[in-house]
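Worksheet: the structure to be examined is printed underneath.
The structure displayed is predicted, hence computed values, not measured ones. Letters A, B, ... are given to chains in the order of the sequence lines, protein chains preceding strands, and every chain is numbered from 1.
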Protein chains: 2
Amino acid sequence: MMSGEDMSGVLPKRGPVSDPPASVPQDCRNCGAYKLCVSLWLKSGDASLFDRVVKRKQMLKRGETLYRMGQSVEHLYVIRGGSVKTCITSEDGRVQIIGFHTAGELLGLEDMQTREHNCEARATRLTSVCEVSIDRFEELAKKDAAIQYEIVKIMSAEVRHTQELVLLLGKHNAEERLAAFLLSLSQQFAQRHYSTIEFDLTMSRSDIGNYLGLAEETICRVFARLQDDGLVTSEGRRIKLNDLERLQRIANHRSALS
Amino acid sequence: MMSGEDMSGVLPKRGPVSDPPASVPQDCRNCGAYKLCVSLWLKSGDASLFDRVVKRKQMLKRGETLYRMGQSVEHLYVIRGGSVKTCITSEDGRVQIIGFHTAGELLGLEDMQTREHNCEARATRLTSVCEVSIDRFEELAKKDAAIQYEIVKIMSAEVRHTQELVLLLGKHNAEERLAAFLLSLSQQFAQRHYSTIEFDLTMSRSDIGNYLGLAEETICRVFARLQDDGLVTSEGRRIKLNDLERLQRIANHRSALS
DNA sequence: CGCGCTATTGATGACGCTCAAGACCCGTGG
DNA sequence: CCACGGGTCTTGAGCGTCATCAATAGCGCG
């Protein structure tokens, strides 16, 4: 469930902003990049250096961009709350959404090398991020194996995620793609200890379609079909998965004919 | 041109195998992973350690696998000569080719973390690889920023490559996909100082189709169409690109109607 | 020299796109 | 407060691209 949203980081109700620099901020504990930040914090020796590496609370309204393709990379971004989509653009302007990201994810790593953003990141709603100076981050990473480990881990996951998407686009039909998409959302929510079977989408039908290589209308129609079959209940962005088992079979087995 | 193939590493005509361990092997100079290996070699202190890290000349016949999905990762592999395809498999057995790889490329990095292969690598013809012990490699990487740099660089490129493929599958039609594919091959050959406009495919129509999310027959038909339009000449696996300019337009511009 | 894999070409039809129209929702401003 | 407007969602009709099935030709390899 996330109607009110995971905005604990975005709108810190208990004591805004300035924490004593000597201790890890309270609301960082729930951040997916917590370990990475702690490494930064510990290795940076004195806490003031940590503050120079990580600047907190950059706010983005729905539709605002974190960075664009071609821009030079000055920061990495950790999502504190809200949600972000990343997309790449072909020469003739066609846009492909590559991923949807939520609290705890680190964005921009794959562009660290080239120092030029290869894709665009845009908030899909009110979103808050931590800014990490790329130069200082890299400096620390050089000295700290734990940070390197995290970097490789994140990038490996990214490769795997993108490869899964290729498999989906290359070998699965519309129904299978949407089923797989819903299940992967479900798993994401599970990791965050939200409900696995009922949640709100953070993105439009159009964005889902773009991501899955389908038209917006097709997404609607497949939703309708899944609903007719009793597999899901969808009312706008509120989704309920009524039969994970059968969804799995649709996503994975060509032979699931009923 | 590569009919006789880039097998200088596979069949080392001038003095097989055992080089004096004190110097870098002659035929390593042309390897794409040269810098990485030199780093390994320099940092390993004594050359005998280098020999423990990199074991040379593992030979694979056409169709043999380097590793399979699910296998535990014991080595990374540098391709010395020949060509390898990597693919992932969905639960119900559908296979998606993710990439074609040739001399100089390092395979397996993205599975280093999990220590479990996430995809399968298979030789598409006679191929030779160097085996790199994953444990020793990781050990050295921890101490050497240059190696870390190379790792992140390779993985970044992999992410970008896979994202490009998603864009291709998600937003481009058959003709655009094949045109883009041929152009990317052309660029690869350019980097190796082979001919940009005439070369031999290392993979079957079926593999190309699989990679591009199309049927084998569609690949044939699109080849035929491109040939009719005078854009390429294809006779079996021998390809000649007659108009790079116009191919570019087909690959990138929806509006290229002639 | 023939077997098997690869490539080619045709006929047919399905899946998903495009275009179109209308409903709905929500924020904004009169 | 209501009306307006833009964005989102939904549903329908028709069509195009590409998959599928099938048959044959070609090629390389043992």
Side-chain angles (χ1 to χ4, degrees), chain A residues 3 5 61-64 85 94-97 122-126 168-179 181 200-228 232-239 250 254 257, chain B residues 3-5 61-64 85 94-97 122-126 168-179 181 200-228 232-239 250 254-255 257:
Chain A
S3 339
E5 304 308 339
K61 287 202 282 276
R62 164 197 171 75
E64 287 183 334
K85 63 180 173 188
R94 275 172 276 188
V95 174
Q96 171 70 49
I97 296 175
R122 185 184 297 269
T124 65
R125 52 177 169 142
L126 188 61
L168 216 54
L169 298 197
K171 299 285 173 289
H172 292 260
N173 66 21
E175 208 159 85
E176 291 162 347
R177 293 184 207 182
L178 187 56
F181 177 70
D200 283 321
L201 298 174
T202 66
M203 70 294 282
S204 66
R205 302 280 194 269
S206 168
D207 278 351
I208 296 174
N210 184 300
Y211 177 70
L212 295 175
L214 299 167
E216 181 181 359
E217 296 93 325
T218 303
I219 300 298
C220 282
R221 278 185 254 267
V222 175
F223 262 129
R225 215 182 308 155
L226 292 179
Q227 180 145 11
D228 286 350
V232 312
T233 311
S234 78
E235 200 185 326
R237 302 211 175 172
R238 166 118 288 196
I239 301 294
I250 288 183
R254 239 326 128 85
L257 296 176
Chain B
S3 342
E5 302 309 340
K61 287 202 282 276
R62 166 196 170 75
E64 287 184 333
K85 64 181 173 187
R94 274 172 277 187
V95 174
Q96 171 71 49
I97 295 176
R122 184 184 297 267
T124 64
R125 52 176 171 144
L126 187 60
L168 216 54
L169 299 197
K171 298 285 172 292
H172 291 261
N173 67 20
E175 207 159 87
E176 292 162 345
R177 291 184 208 182
L178 186 56
F181 177 70
D200 282 322
L201 298 173
T202 66
M203 68 294 282
S204 66
R205 302 280 195 269
S206 168
D207 278 352
I208 296 173
N210 184 300
Y211 177 70
L212 295 176
L214 298 167
E216 182 182 358
E217 297 91 325
T218 304
I219 300 298
C220 282
R221 277 184 254 268
V222 175
F223 262 129
R225 215 181 310 154
L226 292 179
Q227 181 145 10
D228 287 349
V232 311
T233 310
S234 79
E235 201 186 325
R237 301 210 177 172
R238 165 118 289 195
I239 301 294
I250 288 183
R254 239 326 129 83
S255 47
L257 296 176

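One interatomic measurement links the two molecules: CG of A:Leu212 to P of C:dC17, which rounds to 11 Å at whole-angstrom precision. Atoms CZ (A:Phe223) and C1' (D:dC9) sit 11 Å apart, rounded to a whole Å. In this structure, NZ of B:Lys61 is placed 14 Å from P of D:dC29, rounded to the nearest angstrom. Rounded to an integer number of Å, the gap from A:Ile219 CD1 to C:dT18 P is 13 Å. Rounded to whole angstrom, the span from the CZ atom of B:Arg205 across to the C1' atom of D:dA19 amounts to 18 Å. Rounded to whole angstrom, the span from the CD atom of A:Glu235 across to the P atom of C:dC24 amounts to 12 Å. The nearest whole Å value for the distance from the CG atom in B:Asp200 to the C1' atom in C:dA7 is 15 Å. Rounded to an integer number of Å, the gap from CD of B:Gln227 to P of C:dA7 is 14 Å.
Comparing atom distances between the A:Arg237 side chain and each of C:dA7, C:dC17, D:dC9 picks out D:dC9 as nearest. In the set C:dT8, D:dC18, D:dT10, D:dC18 carries the atom at the smallest distance from any side-chain atom of B:Leu214. Each of D:dC9, C:dG10, D:dA13 was ranked by its minimum atom distance to the side chain of A:Arg221; first place goes to D:dA13. Here the nucleotide nearest the side chain of A:Ala215, chosen from C:dT18, D:dC9, C:dT6, is C:dT18. Residue A:Glu216 places its side chain closer to D:dC9 than to any other of C:dT8, D:dC18, D:dC9. Of the candidate nucleotides D:dC18, D:dC9, C:dC19, D:dC9 has the atom lying nearest to any side-chain atom of A:Ser204.
Listed here is the closest heavy atom pair of A:Thr202 and A:Thr124: O-OG1, 3.4 Å. Heavy atoms only, all atoms of each residue included: A:Val95 and B:Lys171 are closest at O-CE, 3.0 Å. In terms of heavy atoms, A:Arg205 sits closest to A:Ser234 at NH2-OG, 4.2 Å.
Between B:Arg62 and B:Leu126, the closest side-chain pair of non-hydrogen atoms is not below 4.5 Å. Proximity of A:Lys85 to A:Met203: side-chain heavy atoms (C-beta onward) are nowhere separated by under 4.5 Å.
Residue-level contact check: A:Gly209 touches neither bases nor backbone, having no heavy atom under 4.0 Å from any strand. Residue-level contact check: A:Arg177 touches neither bases nor backbone, having no heavy atom under 4.0 Å from any strand.
At a cut-off of 3.5 angstrom, counting only N and O atoms as typed in the model, there is a donor on one side and an acceptor on the other between the side-chain of A:Glu217 and the base of C:dC19.
Listed pair A:Arg62 / D:dT8 meets the phosphate criterion, a side-chain N or O lying under 4.0 Å from OP1 or OP2.
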